[in-house]
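Reading through the structure tokens given below for one structure.
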Amino acid sequence: MLIKTEAWPQLKNNKPLIIAGPCSAETEEQVMQTANKLKSDNRVNIYRAGIWKPRTKPGSFEGVGSIGLSWLHRVKKELGIPVAIEVANAKHVCEALKASIDILWIGARTTANPFAVQEIADALKGVDIPVLIKNPVNPDVALWIGAIERLIKAGITRIGAVHRGVSQFEKSSFRNNPEWQMVIELREQLPDILIINDPSHISGNRELIHKISQTAMDLNFDGLMIESHFEPDKAWSDAAQQVTPEQLTNILDRLIVRAETPEGIELKSIDELRKSINFIDEQIIDLLSYRSHVIKDIAQFKLNNGMTVFQKNRWSSLLAKHQKQAEKLSLEPKLISKVFHAIHQNSINTQNRLLSKPIKDIQQ
Ligand code: PEP
Ligand code: MN
């Protein structure tokens, strides 16, 4: 399904949109000091701070609550920077609107709960405030889009999607696995939506912020949401991933921002390369078609001779052989494994159909 959204056309020209500020508002002094320092980098467009914090365990710092609204109001009034907070229910929405907060965001744990998202959408009916929607904690693009649709249906026209990665069971170098393909799929379904990357919650570690931000720029994201605190090591939440305003400036200075089709460049040489790619892709398809004809003959042979469709030893040795060849050609064995799993699964399905013996997902 394709849904068109207006998606903040005025901000689209200001790429990358930078949202920065602490994970949590802690004290009025911390909010003001951080905002003052961030203001001196004029690339910061929006100031963020959580005042109601959805924490994994009870007993952790759960935000200062409503009192933080007046501190953010000061940032807006005295420094002229639009301010953003997280909302998770109708009460938060009401309080945020009363305090003239400029932008709301829906956190990852809330996006995963359609009841909560609907409650927020209902509370926003008739108010056209920009809303950012983080991806849910699990890699479910449909759930993310569902939340976006609830907001669109409530009449919100300025919507942004925030990519903050997803939880994983195994330990890795990321706090939340980026699963970049989620964003590619989101963009396919909502081509006009504003997409912002949140390298802070993906990394969980300030050392990785620049690298993740650069990948986001290379993938044509519209903006970045980066947690920044004037004294990150003393932060009451997410200390390890926050950067000082000076570090943020350094990260932004080093960022290479690319355009999809930069103005005034000669596209001829890339057109030639693309022609080669198109030709190669056509050949891949031709070969797959040739392969599928051979598969049918193999199926016939197996049928005539009472052989099983799936031959485990042959499949394992073939895969190992393909991976070895890939390595020799400097191709990633993982890629080859994925491609051949798909090809092999398809071949098994074809043979099953021909032998009329449905053996489902036999290699899983
Ligand atoms: C946050 O932005 O501070 C936050 C809680 O993020 P998430 O919802 O992505 O975990
Ligand atoms: Mn945080």
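All ligand and atom numbering here is 1-based and tracks the order in the structure.
- For the residue pair D238/H201, the side-chain donor-acceptor check at 3.5 Å is satisfied.
- Between Q323 and Q325, the side chains place no donor N or O within less than 3.5 Å of an acceptor N or O (distance only, hydrogens not considered).
- V294 belongs to a hydrophobic cluster with Y290, I298, counting contacts under 4.5 Å between side-chain heavy atoms of Ile, Leu, Val, Met, Phe, Trp and Tyr, direct or through other members.
- No more than 12 heavy atoms of other residues, nucleotides or ligands shown are found within 6.0 angstrom of CG on N313.
- Residues Q168 and N177 have side chains that bring a donor and an acceptor to within less than 3.5 angstrom of each other.
- The Mn ion (ligand 2) has C23 SG, H201 NE2, E227 OE2, D238 OD2 as protein N, O or S atoms under 2.8 Å away.
- Listed by first and then second residue, the side-chain hydrogen bond (donor to acceptor under 3.5 Å, both in side chains) pairs that reach into residues 48-71 are R48-E227, S66-E95, sequence neighbours excluded.
- N278 and E282 form no side-chain donor-acceptor contact under 3.5 Å, judged by distance and modelled atom types alone.
- Under the 3.5 Å distance criterion, with hydrogens and angles disregarded, a donor-acceptor pair is assigned to the side chains of Q241 and R175.
- Aromatic pair F340/W315: ring centres not closer than 6.0 Å.
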Tabulated below should be the N or O atoms of ligand 1 paired with protein N or O atoms at under 3.5 Å; can you produce that?
| unit_1 | atom_1 | unit_2 | atom_2 | d |
| --- | --- | --- | --- | --- |
| ligand 1 | 2 (O) | R48 | NH1 | 2.7 |
| ligand 1 | 2 (O) | R48 | NH2 | 3.4 |
| ligand 1 | 2 (O) | K134 | NZ | 2.8 |
| ligand 1 | 3 (O) | R48 | NH2 | 3.0 |
| ligand 1 | 3 (O) | K53 | NZ | 2.8 |
| ligand 1 | 3 (O) | H201 | NE2 | 3.3 |
| ligand 1 | 3 (O) | E227 | OE2 | 3.2 |
| ligand 1 | 6 (O) | K134 | NZ | 3.0 |
| ligand 1 | 6 (O) | H201 | NE2 | 3.4 |
| ligand 1 | 8 (O) | A108 | N | 2.8 |
| ligand 1 | 9 (O) | K134 | NZ | 2.9 |
| ligand 1 | 9 (O) | R164 | NE | 2.7 |
| ligand 1 | 10 (O) | R109 | NH1 | 2.9 |
| ligand 1 | 10 (O) | R164 | NH2 | 2.8 |

